[in-house]
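Below is one structure, written out as structure tokens; comments come after it.
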Amino acid sequence: VNWHPTEDELILHYYGEAPNDIRSATNAHLAACASCAEAWRELNAVLGAVTAVPVPEPGEGFERIMWARISRELPPRRTGWFHGRLALGALAAALVAVIGGTMTWITLTRQSGDNPPAVAEAGGTDAQERVLLTALSEHLPQTEILLVEVMNTQPTAAEPDAWTFLRTTADELVASGRLYRQTARQTGELQVANMLEDLEGVLVEVAATPDAADWRDVDFLRARIEDDALLFKVRAVASDIRGRQNRLTYSE
Amino acid sequence: MHPDDAAAVARARRGDEDAFRLLVERHSRSIYRLAYRMTGRAEDAEDVVQEAFVKAYKQIDRFEARSNFGTWLYRIAFNCAVDYTRTRQHRDRPESLDVLERRAPETKGPGADDLVFATEIDGSIQRALSELSDEERAAFLMRHYQGCTIDEICQALDLKTNAAKHAVFRAVRKMRAALEPFVVGRPSRAQA
């Protein structure tokens, strides 16, 4: 017997990874060579013992439990974002319609003198406030998510789509944000208007990020977000808006 | 790839969480087994399963449709398990060892020798596994326990064929060195 399988060849043989011709030659050899047969038995004994170590099987509801844990951690669905933006667009259109209608109504009632102007203005302001609050209650959380993504996403070649998505989203948030900012000024919501103005500057920068954005672009954006405390401001205003919405609901 | 994985992956890519849930239900147990072998603790293995699937969901756009989803997932899980064990070095005593050591002194009466022997060898296997390099351990676990082929290991661990084979060879040699004193010359556990 001139040929003896090496240890590596025996390992491949054990796992069924040896080529067919080597496999049959090895089988024939093991039947004839006592020393190789002994080595083969030892390999089988060791690997057989390893196989016998049990892994405790998780319980019956394992998949359900894991899904409950995993689903909580999944990021927002992009389709959800898309539909959310469609909804925002509709909301923005509604806002324009309501504000336009309200202003027209106020003008007409002032001219006709049918109602005292103060009452008319109060009614109109309430309606504008509600619509603005509703719009911002959608707009600000989406802006917050975008800012968090900017703080955590790298414009790497490995994920080119991630920044494309951020750019597109920022562009859409700029458009709707401008409308809300104008409305906020008209309704005397100066704090909100100023915050939206600060936000707009950063969103414009994100939307204008070049395709070949690098660390310097991202660092600049992050520094601006941090220096202006934008995430804090967005969260604070969003929280204030939720409170005002609740008060309006309870006062009805 | 499971025949329905491709469809589920395509739906999950469009943001369909129900489709992703199917993938979790289909693959979480095998990922758990791999994670358990890597970490040695049930709780850690569950954390790794969770992290692996969340990462897979975030990166699903990068999955190439012609690839095997299970193999791709193994790769993610393997990386998660390596990171997990590295960042939690304080848990350097796998649960199974603790359990085995607590169990050993209680084994008295008929068959106690066999149980003590089983305890010793289980402990030795866990120790031997923990002393393999990350690459050797992953390649060995995938080949030995999960039945992955060398090609699948190459894909999962991003290795060339020879590197994957040699990772398995080195792992088996180390396991033999650690276990032969216990195993050779004794009847197999199945026979015992």
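All values below were derived from every heavy atom in this structure, side-chain atoms included, with hydrogens, water molecules and symmetry-related copies excluded. A, B, ... follow the sequence lines: proteins, then strands. Residue 1 opens every chain.
The choice from His166(B), Met175(B), Arg37(B) that makes the most heavy-atom pairs within less than 4.5 Å of chain A is Arg37(B). Heavy-atom pairs under 4.5 Å with chain B peak, among Thr51(A), Asp8(A), Val55(A), Leu47(A), at Asp8(A).
The two residues Lys58(B) and Pro75(A) have their closest heavy-atom pair at CG-CG, 3.8 Å. Taking every heavy atom of both residues into account, Glu25(B) and Glu63(A) meet most closely at O-CG, 3.5 Å. In terms of heavy atoms, Pro58(A) sits closest to Tyr32(B) at CD-CE2, 3.6 Å. Counting all heavy atoms, side chain and backbone alike, Glu42(A) lies closest to Glu180(B) at OE1-OE2, 3.6 Å.
Looking at Leu43(A) and Val172(B), their side chains come closer than 4.5 Å, going by heavy atoms from C-beta outward. When side chains are defined from C-beta on, Ile70(A) does not count as touching Tyr57(B), because their heavy atoms never get closer than 4.5 Å.
For Arg29(B), the parts lying near chain A are the backbone and the side chain together; criterion is any non-hydrogen pair under 4.5 Å. With a 4.5 angstrom heavy-atom cutoff, Glu7(A) touches chain B only via side-chain atoms. Proximity to chain A involves both the backbone and the side chain of Phe169(B), based on heavy atoms less than 4.5 angstrom apart.
Atom CE of Met66(A) and atom NE2 of His27(B) lie 14.5 Å apart (nearest 0.5 Å).
Of the charged side-chain nitrogens involved, at least one lies within less than 4.0 Å of a carboxylate oxygen, so that Arg33(B) and Glu57(A) count as a salt-bridged pair. Under the 4.0 Å criterion applied to side-chain N and carboxylate O atoms, Glu17(A) and Arg143(B) are assigned as salt-bridge partners.
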>> Please determine whether side-chain contact (heavy atoms from CB on, under 4.5 Å) holds for the pair Phe53(B) and Trp67(A), giving the CA-CA distance in whole Å, both sets of side-chain angles, and the decisive distance to 0.1 Å.
In response: CA-CA 9 Å; Phe53(B) 275 103; Trp67(A) 172 248; over 6 Å; no
